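So that the names make sense, note that chain A is the first sequence line, chain B the second, and so on, each numbered from 1. What you see is a predicted model; the values in this text were computed from it and never measured.
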Amino acid sequence: MEGKLKENVLETLRKCSDLNHLKQLQGYLTTLGHAHTHFYAFKLLRFCALTLSNLSYARLIFHHHPSPNTHLFTAIITAYAAHPATHPSALILFRHMLRSQPPRPDNFIFPHALKACPDSRTTDSLFAQIVKSGFLHYTVVQTALVDSYSRVSGGVQDAKKVFDEMSERNVVSFTAMVSGFARVGDVESAVSVFDEMPERDVPSWNALIAGCTQNGAFTQGIELLRRMVWECNRPNGVTVVCALSACGHTGMNQLGRWIHGYVYKNGFVFDSFVSNALVDMYGKCGNLGKARKVFEINPEKGLTSWNSMINCFALHGQSDCAIAIFEEMVRCGGCVRPDEVTFIGLLNACTHGGLVEQGYRYFEMMVREYGIEPRIEHYGCLIDLLGRAGRFDEAMEVVNGMNMEPDEVVWGSLLNGCKVHGRTDLAEFAAKKLVEIDPHNGGYGIMLANVYGDLGKWEEVRNMWRTLKEQKSYKVPGCSWIEVDDQVHQFYSLDKSNPKTEELYCVLESLVGFRNEVMVELYFYI
DNA sequence: CTAGGGTTAG
């Protein structure tokens, strides 16, 4: 009889599609006196949280239960731990559980609680609890500890300590350690852990490739992708997203297109992450038509999809298109709301299109209509906008009215505007601020020296150069590259190592009308 | 029933 009911309930849950259905089932169980039977409450709660992703009703089920057991606690804590916004609630409930005598935590609950830890102190205390409850010998629990430490600030070393003391390590433990190092920018350590792995699967490769691309090691990321394929691992959607990001940042259009083909053949086109990464790659490689096409066929345009498309147009100075996309986003984006990234793109578009008034309006709109607190990046855009338009009074008004310290971007944008419009007095002020913020950045020192030169202050020019030499701070040379026929050509400013230097300068001269200090070097073959 | 990988931003 009981078995029959159980089957019925599970069957009904499988067919359940919305909250009303769930409530009906709940009512039915209540009439049978089973509303608080642990097994059913657990099933309902899990279904509600995981399938319907209705957290508020899930917590209702939990809090209405007179005596929740370990399973119920696990279910609700899992649900809370799944989203960063509800991490605090997960921990509050977990502490509550530790205080109340039964139910006791089991080994299944610790990994979830560990996921919700905001700092290493919290992870420490969970560590102690795990030891006390005798669950430390589980590999899964230890791996969760490694992962937890590696996510909180300053915790990688603790993660490594736990990792080193593990008696048994599997792919997951290694991968957790790899991404832990990658997260703090220590690509080297990530690589050495990766090299020690006895076996690797697709997520482990992804962890390292993501680590590279997130830390600016794009070429290294691409090399790893090749090695991954060479060693017979099939890249999945995650791999592809990382690789596309690398292609975009380095202008590897050929490889990007090859990956697009791979995406198409393997059905990843329906992955919104992949679609967004494709849009970004095509945009950065200058193929706006393709970018737009990929964007258009994405059936689930999310916030990032819209932002990426806007950024593409902004990057290429197509302010009209960027604005049109923004308006479409507001009109038919569904529940998508513009965020701070959207406005950075939009403001950049206005800057590159010279639309000062429009840019101003969007800035106001961001604050008033969308309630977004302007971040330093937005001020950077605004100063860039005003500076390029030569509206220095307003620019300074904004700088002085900011409720935060102006950063390099702000002063750099102002300096740039000053140079364009010949405002050497203000340029000196901005350049001095730059040097003040980062005295060891040779680039800023050189800019200040140049401004002194413009002003005819030769004594200061000499002093500046002497300081630069004394502290041995040199500017990293400006560099850009272009792909032609499977070859990447790298351009360094002031570099004359390329055999065709003279020819190249002649072409540049005919293009810009004067000689520019930019050079070209053959870099590598794909 | 538990552990690892993801795009956009001057």
Side-chain angles (χ1 to χ4, degrees), chain A residues 42-43 46 50 70-75 77-78 81 105-115 135 138-148 150-151 166 169-180 182-183 197 200-211 213-214 235-246 248-249 268 271-281 283-284 302-312 314-315 339-348 351-352 375-385 407-413 416:
Chain A
F42 171 74
K43 284 287 171 190
R46 259 185 82 84
L50 296 181
T70 301
H71 287 273
L72 281 173
F73 267 103
T74 307
I77 289 172
T78 305
D106 59 7
N107 54 316
F108 294 108
I109 206 166
F110 278 106
H112 295 293
L114 282 166
K115 195 186 267 176
F135 294 126
Y138 288 93
T139 306
V140 175
V141 173
Q142 292 176 353
T143 305
L145 264 171
V146 170
D147 183 57
S148 180
S150 78
R151 282 177 198 277
M166 286 175 77
R169 287 176 283 234
N170 58 23
V171 224
V172 183
S173 340
F174 273 99
T175 307
M177 202 59 246
V178 168
S179 53
R183 218 171 278 125
M197 290 179 72
R200 302 178 187 107
D201 60 6
V202 174
S204 12
W205 283 96
N206 289 346
L208 191 60
I209 294 175
T213 56
Q214 284 161 359
N236 65 7
V238 177
T239 325
V240 155
V241 165
C242 301
L244 285 171
S245 160
H249 281 104
F268 300 145
D271 184 329
S272 200
F273 269 102
V274 172
S275 171
N276 301 340
L278 276 169
V279 169
D280 175 64
M281 182 276 294
K284 286 208 172 72
L303 181 58
T304 310
S305 317
W306 295 98
N307 287 351
S308 302
M309 197 64 243
I310 291 172
N311 281 326
C312 283
L315 192 65
D339 70 346
E340 59 273 9
V341 180
T342 317
F343 283 96
I344 291 173
L346 203 55
L347 288 171
N348 276 327
T351 303
H352 295 140
R375 295 213 315 229
I376 195 86
E377 288 92 339
H378 298 105
Y379 285 115
C381 294
L382 199 57
I383 301 300
D384 197 15
L385 184 72
D407 68 349
E408 292 111 302
V409 180
V410 170
W411 294 123
S413 302
N416 196 41

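- For A:E408, the salt bridge (charged side-chain N to carboxylate O under 4.0 Å, His left out) test picks out no residue, with sequence neighbours left out.
- Taking every side-chain heavy atom of A:P111 into account, B:dA3 is the closest of B:dG4, B:dA3, B:dT8.
- Counting only heavy atoms from C-beta on, A:P203 has its side chain closest to B:dG4 among B:dT7, B:dA3, B:dG4.
- Phosphate proximity of B:dA9 to A:K284: present, with a side-chain N or O under 4.0 Å from OP1 or OP2.
- Using a 4.0 Å heavy-atom cutoff across all strands shown, A:S204 reaches at least one base atom of the nucleic acid.
- Considering all non-hydrogen atoms of both residues, A:N348 and A:C381 come closest at OD1-SG, 3.8 Å.
- Comparing atom distances between the A:N311 side chain and each of B:dT8, B:dG4, B:dG10 picks out B:dT8 as nearest.
- Out of B:dT7, B:dG10, B:dA9, the shortest distance to the side chain of A:N348 is found at B:dG10.
- Here B:dC1 is the nucleotide among B:dC1, B:dA3, B:dG10 with the atom lying nearest to any side-chain atom of A:H71.
- Scanning all heavy atoms of the two residues, the minimum distance from A:P111 to A:F108 falls at CD-O, 3.5 Å.
- For A:V241, counting side-chain heavy atoms from C-beta on, the closest listed nucleotide (B:dG6, B:dA3, B:dG4) is B:dG6.
- Residue A:Q142 places no side-chain N or O under 4.0 Å from the OP1 or OP2 atom of B:dA3.
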